[in-house]
Participant: 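I'd like to ask you about the structure that follows.
Bear in mind the structure is a predicted one, so any value in this text is a computation, not a measurement. Position 1 is the first residue of the sequence, and the numbers go up from there.
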Amino acid sequence: MIKKLTTDELPKLLAELKHWQLSADSSSIHRSFKFADFNEAFGFMTRVAIKAQEMDHHPEWSNVYSQVDITLSTHTAKGLTDRDITLARFIDSIA
């Protein structure tokens with residue numbers, strides 16, 4: 001089973017993810033992205049999708065034209081895990 005991050009671990013890990021917002025119940029992180037147009041947003045989503053598939057860890061997300069909203073959480077752990085942090089770091093690196 002995948003280990004859920006503790007409340008002691010979260011502050012340090014989230015400090016480096018400056019644009020991500022922690023949910024009120026600390027079970028997920030969320031970030032919104034704004035791109036120049038739909039093509040750029042879709043290209044970004046494609047790169048994230050490839051990485052997510054490699055990790056077997058898929059985001060909750062939505063896209064409306066040039067905006068992409070992403071929420072990360074590990075449902076089997078009922079909260080945040082290292083997998084969410086790893087995927088968020090990757091997403092930040094390509095945004």
Side-chain angles (χ1 to χ4, degrees):
M1 180 161 193
I2 300 169
K3 180 184 158 283
K4 182 177 165 180
L5 296 171
T6 67
T7 53
D8 292 335
E9 294 172 305
L10 283 174
K12 180 183 177 213
L13 293 169
L14 294 175
E16 67 187 71
L17 301 173
K18 299 184 187 320
H19 302 288
W20 291 84
Q21 303 292 319
L22 184 63
S23 66
D25 64 0
S26 300
S27 67
S28 65
I29 52 176
H30 176 83
R31 183 170 175 193
S32 294
F33 299 86
K34 182 77 171 163
F35 297 95
D37 55 27
F38 177 75
N39 188 49
E40 191 175 307
F42 193 83
F44 166 77
M45 291 179 72
T46 300
R47 290 189 300 276
V48 173
I50 291 167
K51 181 65 171 180
Q53 187 64 26
E54 288 172 1
M55 293 178 65
D56 191 27
H57 188 61
H58 305 93
E60 293 178 23
W61 58 6
S62 65
N63 165 241
V64 177
Y65 185 62
S66 62
Q67 175 140 347
V68 177
D69 294 311
I70 301 177
T71 299
L72 299 176
S73 182
T74 303
H75 299 289
T76 56
K78 296 184 171 113
L80 290 165
T81 67
D82 285 331
R83 297 174 94 189
D84 301 300
I85 303 304
T86 299
L87 187 54
R89 286 179 184 140
F90 172 79
I91 290 168
D92 284 351
S93 76
I94 65 165

Participant: Compare all side-chain heavy atoms of D69 with those of W61 and state whether any distance is below 4.5 angstrom.
Facilitator: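 Heavy-atom side-chain distance check fails, nothing below 4.5 Å.
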Participant: For the side chain of N63 and the backbone of V68, is there at least one donor-acceptor N/O pair under 3.5 Å apart?
Facilitator: no
Participant: Nearest heavy-atom pair of K18 and A15: which atoms, and what distance?
Facilitator: NZ-O, 3.3 Å
Participant: Could you give the distance from CD1 (I94) to CZ (R47), rounded to the nearest 0.5 Å?
Facilitator: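 Going from the CD1 atom of I94 to the CZ atom of R47 covers 5.0 Å.
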Participant: Give, for atom CD of E60 and atom NE2 of H75, the distance between the pair rounded to the nearest 0.5 Å.
Facilitator: 4.0 Å
Participant: Let me check something: do I2 and L13 share a hydrophobic cluster, defined by ILVMFWY side-chain heavy atoms less than 4.5 Å apart, either directly or through other members?
Facilitator: no
Participant: Looking only at side chains, do D25 and S23 share a donor and an acceptor under 3.5 Å apart?
Facilitator: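 Short answer, yes.
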Participant: Taking F38 as the starting point, is it possible to reach V48 by hopping between hydrophobic residues whose side chains are less than 4.5 Å apart?
Facilitator: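 They do not share one cluster, since no chain of ILVMFWY contacts under 4.5 Å joins V48 to F38.
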Participant: Atom NZ of K4 and atom OG of S27: how far apart are they, to the nearest 0.5 Å?
Facilitator: 7.5 Å
Participant: Between L22 and L80, is any pair of side-chain heavy atoms under 4.5 Å apart?
Facilitator: yes
Participant: I'd like to know if the side chain of S66 pairs up with that of K34 as donor and acceptor (distance under 3.5 Å, no hydrogens or angles considered).
Facilitator: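 Their side chains do contain a donor-acceptor pair, which is all the 3.5 Å distance test asks for.
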Participant: Under a 3.5 Å distance rule, please check whether S93 uses its side chain to pair with a backbone N or O of F90 as donor and acceptor.
Facilitator: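 Yes; judged by distance alone, with no hydrogens or angles, the pair exists.
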Participant: Please determine whether residues F42 and Y65 belong to a single hydrophobic cluster, defined as Ile, Leu, Val, Met, Phe, Trp and Tyr linked transitively by side-chain heavy-atom distances below 4.5 Å.
Facilitator: yes
Participant: Nearest 0.5 Å please: distance from the CG atom of L10 over to the NZ atom of K12.
Facilitator: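 Rounded to the nearest 0.5 Å, the CG-NZ separation comes out at 12.5 Å.
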Participant: Taking the side chain as everything from C-beta on, heavy atoms only, tell me whether I85 gets closer than 4.5 Å to L5.
Facilitator: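 Yes; the side chains approach each other to less than 4.5 Å.
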Participant: Any side-chain heavy atom of R31 within less than 4.5 Å of one from D92?
Facilitator: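 Heavy-atom side-chain distance check passes, below 4.5 Å.
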Participant: Mind checking whether H57 and D84 have side chains closer than 4.5 Å, heavy atoms only?
Facilitator: yes
Participant: Starting at OG1 of T81, measure out to CD of E9 and round the result to the nearest 0.5 Å.
Facilitator: 10.5 Å
Participant: Determine yes or no for a side-chain-to-main-chain donor-acceptor pair under 3.5 angstrom, with H30 supplying the side chain and W20 the backbone.
Facilitator: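 Pair absent, no side-chain N/O of H30 close to backbone of W20.
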Participant: Would a 4.5 Å heavy-atom cut-off, applied to side chains only, mark F44 and I70 as touching?
Facilitator: yes
Participant: So which heavy atom on A95 is nearest to which on F33, and how close?
Facilitator: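 Closest approach of A95 to F33, heavy atoms only: CB-CE2, 3.6 Å.
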Participant: Any chance you could lay out the side-chain contact (heavy atoms from CB on, under 4.5 Å) test for D56 and R83, step after step, and finish with the verdict?
Facilitator: CA-CA 9 Å; D56 191 27; R83 297 174 94 189; 4.0 Å; yes
Participant: Nearest 0.5 Å, what's the CD1-NZ distance between I91 and K51?
Facilitator: 10.5 Å
Participant: With heavy-atom distances below 4.5 Å as the criterion, would you say the side chains of Q53 and H58 are in contact?
Facilitator: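 A side-chain contact exists here, since the closest heavy-atom pair is under 4.5 Å.
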Participant: Test your reading of the model: is there a side-chain donor-acceptor pair from S28 to the backbone of T71, 3.5 Å cut-off?
Facilitator: no
